[in-house]
Amino acid sequence: MKALLRRYFFVLTALAICAAVPAAAQDWIHTGSNLGSERIRIAAADFKLASNDPQAPALKAAFDATLYSDLAYAGIFDLVSKSLAPQATPGSPQEINLAQWSDAPSGAAMVAFGAVSVNKGRLAVQGWLDDTRNTANPQVLGKVYNEEATQDAARMIAHRFADEIVLRLGGGINGIAETKIYFVSSRSGSKEIWAMDYDGQNQHQVTHLGQIAISPRISPDNSRLAFAALDDRGWSIRMFSLDLNRLVSFPAGTAGGSNLSPAWSGDGAKLAFSSSRSGDSAIWVADASGSNLHRVTNFAGPDVAPTWNPKTNLQIAWAGGRTGEPQIYTMDQDGANVQRLTDSGYAVSPSWSPSGQFLTFSWNRKYGPGAPGGQDIYVMDIASKRWLQLTHDAGSNDYPSWAPDSRHIVFQREIGKHIEIWSMLADGTEQHQLTQTGNNSMPNWSWQ
Amino acid sequence: MNRINRIVTPVVLFVALIALAGCGNNNKNRPLPLEESAPAVTAPAAAPTAQITATPTLVMKGDQVQLNWRTTDANTVSIDGIGEVPTTGVKTVTPTESTSYHLVAKGDGGTVEASTRVTVNLPPAVVVPTTTMSAEQEAKAGIQDAFFDYDTYDIRGDAQAILSRDASFLVSHPELKVVIGGYCDERGSSEYNLALGQSRADAAKAALVTAGVAANRIRVISYGKEKPFCAESTEECWQLNRRAGFTLDR
């Protein structure tokens with residue numbers, strides 16, 4: 001203990017000095033985000049190449065890289081870096097020497113390993129997860145995959161295997177490696193809806209309307225995409241079927257005024273959106289079929305960006321401008337029990353965490369004419385209204401959207417009029433830029 | 001021990017990082033003792049400073065604008081297009097077109113420049129019905145756009161005057177139908193700005209309806225910050241983009 005104290009003397013002194021001065025803004029208070037404080041030390045062995053097919057090495061490389069980055073970015077692991085991991089590539093439980101992985105410098109509690117082979121155009125992967133300290137019965141997981149031998153399939157198998165590992169070791173919460181992110185891109189010349197894998201791979205265009213399409217929101221079952229589009233009559237809520245690959249009818253979304261920012265309830269039964277059809281911008285709710293449309297809010301000024309509590313489907317949060325600059329509010333789905341969550345500044349674009357506990361939103365706490373930058377992503381614990389600032393001093397940040405694991409957030413970051421999509425852990429660490437081409441904005445993380 | 005180290009190290013380092021960052025900020029505000037006790041040496045001539053403002057920055061052609069400038073440590077001050085002026089002063093000008101007023105202050109410590117820009121809108125043309133004017137040209141000349149303050153959709157004084165003139169034009173041209181577009185500046189969130197643009201266009205429509213224009217002659221579309229008039233990040237440009245803009249509806 002003495003040694004410890006000596007080691008941290010410097011930082012403890014710094015802390016003591018800082019404690020003597022008044023606390024600054026409460027920027028760094030940790031509200032918690034399902035990210036355990038103790039992370040499991042895990043190693044991902046390079047898989048063994050188990051066939052001589054000329055395609056195999058490239059597919060194995062894609063698989064290894066994808067599995068490694070999935071586990072590194074899961075938010076619950078302390079992944080053994082490649083330089084500390086043993087050089088061995090055990091291809092089966094018989095070939096692994098567990099002590100080699102559990103001893104220093106690797107020090108892994110868990111190790112993922114296996115074999116990749118290609119035979120007659122088929123890609124076969126066998127993957128195992130072993131507990132290095134349970135030498136008597138080490139196997140935690142064993143999976144076999146067989147797909148067409150393509151790069152996409154190699155990445156997809158790695159995502160599936162990673163998700164199995166996360167599910168086993170991450171408190172029963174599904175991994176997100178197989179999820180998608182929908183977003184707006186102008187790289188075709190007009191703003192259209194695009195989709196990509198959660199890690200930024202496989203970016204492809206979904207709508208081809210040639211108008212302005214924004215605010216994509218994928219349905220909880222991944223079958224339909226609601227969004228807002230501008231034509232010469234104004235803004236309407238449109239519905240795109242991913243099963244049929246075409247627009248389908250959503251009559252509630254078109255009746256005059258601006259219809260904006262759709263939001264699915266967690267059970268997929270309802271849509272909330274902003275509409276000014278009655279003469280003032282307000283939050284409206286309809287069944288997913290478009291029937292039972294009714295107005296929920298009745299305040300002067302803009303009301304936009306609803307988001308349902310996906311845990312209960314009984315509450316809605318949104319951004320309202322009735323006091324001037326927009327603030328974040330919550331209410332029951334019938335409009336009762338309105339609560340204001342933000343005290344000041346310019347707060348927009350709320351997204352409710354799948355756990356039901358948190359809102360993430362974009363907030364400029366010093367917003368005003370002439371004020372520089374400062375629009376950042378925050379997470380707020382709804383019950384206590386305590387908040388955590390996730391982005392700092394990096395561009396203008398907006399449209400945060402929770403991943404289904406409540407551990408990750410995707411958002412847009414604008415630097416010098418250039419907007420790209422980023423993701424991060426829900427404590428603000430591990431920020432990754434996912435798009436590089438053109439302007440990409442308004443990301444929406446799929447529910448599964 | 002090893003295990004404790006593993007847990008404690010990152011936690012303590014993280015907390016310390018924050019602590020140090022906080023401390024750094026505090027120290028920045030404290031003067032260094034060295035500077036306090038440094039002996040005075042002959043100071044070089046102070047560099048001049050200059051400021052110039054125009055009120056208002058958005059006028060109709062023929063309106064007066066008040067220029068205000070203030071300088072320090074300057075010997076000669078001049079404004080382009082006006083000439084040499086006192087080091088601090090006020091002057092009323094009547095710009096006929098959008099003008100940048102550029103001030104140069106020279107002193108022993110150097111030269112400094114400042115400028116301000118006045119945007120001039122064309123006055124409402126005297127409506128003379130002629131056979132050569134298309135309905136569109138006539139409407140363009142007779143209907144003016146209304147402008148808004150930051151993050152509001154209230155009709156301010158100058159916009160009320162413009163909308164009154166627009167309403168009388170529309171009342172005297174009952175065959176015309178119009179679309180009011182609601183526009184916002186680039187600041188803030190695009191979804192929120194679409195709702196705000198809608199509120200601006202709705203407010204302009206309400207003013208026209210109050211002044212006697214039939215509601216069914218007016219359609220409203222919000223463009224938020226999707227279709228800006230002006231792309232620069234300046235107060236002048238932001239003002240031009242905060243508007244209810246008219247086009248003929250066919």
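In this text the structure is predicted, and so the values were computed from the model without any measurement. The figures here come from the full heavy-atom set of this structure, side chains too, leaving out hydrogens, waters and symmetry mates. Sequence lines set the chain letters: A, B, ... in the order given, protein chains first and strands last, and positions in each chain run from 1.
- Of the listed residues A:G256, A:A319, A:G321, the one with more heavy-atom pairs under 4.5 angstrom with chain B than any other is A:G321.
- In this structure, A:R322 forms a cation-pi arrangement with A:F299, its terminal cationic atom sitting closer than 6.0 Å to the ring centre and no more than 45° off the ring axis.
- Annotation: cation-pi pair A:R217/A:F227 absent, no NZ/CZ under 6.0 Å from the ring centroid and within 45° of its normal.
- Residue contact with chain B, scored on non-hydrogen atoms closer than 4.5 Å, involves the side chain of A:S349 exclusively.
- Annotation: the span from B:L176 atom CG to B:R250 atom CZ amounts to 9.5 Å, rounded to 0.5 Å.
- For A:W318, the ring pair (Phe, Tyr, Trp, His ring centres under 6.0 Å) test picks out A:Y329, with sequence neighbours left out.
- Of the residues considered (A:S274, A:S362, A:S441, A:G301), A:G301 shows the highest number of contacts with chain B, using heavy-atom pairs under 4.5 Å.
- Residue B:Y192 touches chain A through both its backbone and its side chain, counting heavy-atom pairs closer than 4.5 Å.
- Neither the backbone nor the side chain of A:A228 comes within less than 4.5 Å of any heavy atom in chain B.
- Between the side chains of B:Q198 and A:S258, at least one donor-acceptor pair of N or O atoms lies under 3.5 Å.
- Contact of A:S281 with chain B is made through the side chain alone, with heavy-atom distances under 4.5 Å.
- Both the backbone and the side chain of B:S222 come within contact range of chain A, judged by heavy atoms closer than 4.5 Å.
- Residues forming a side chain to side chain donor-acceptor pair (under 3.5 Å) with A:T323 (at least two apart in sequence, or on another chain): none.
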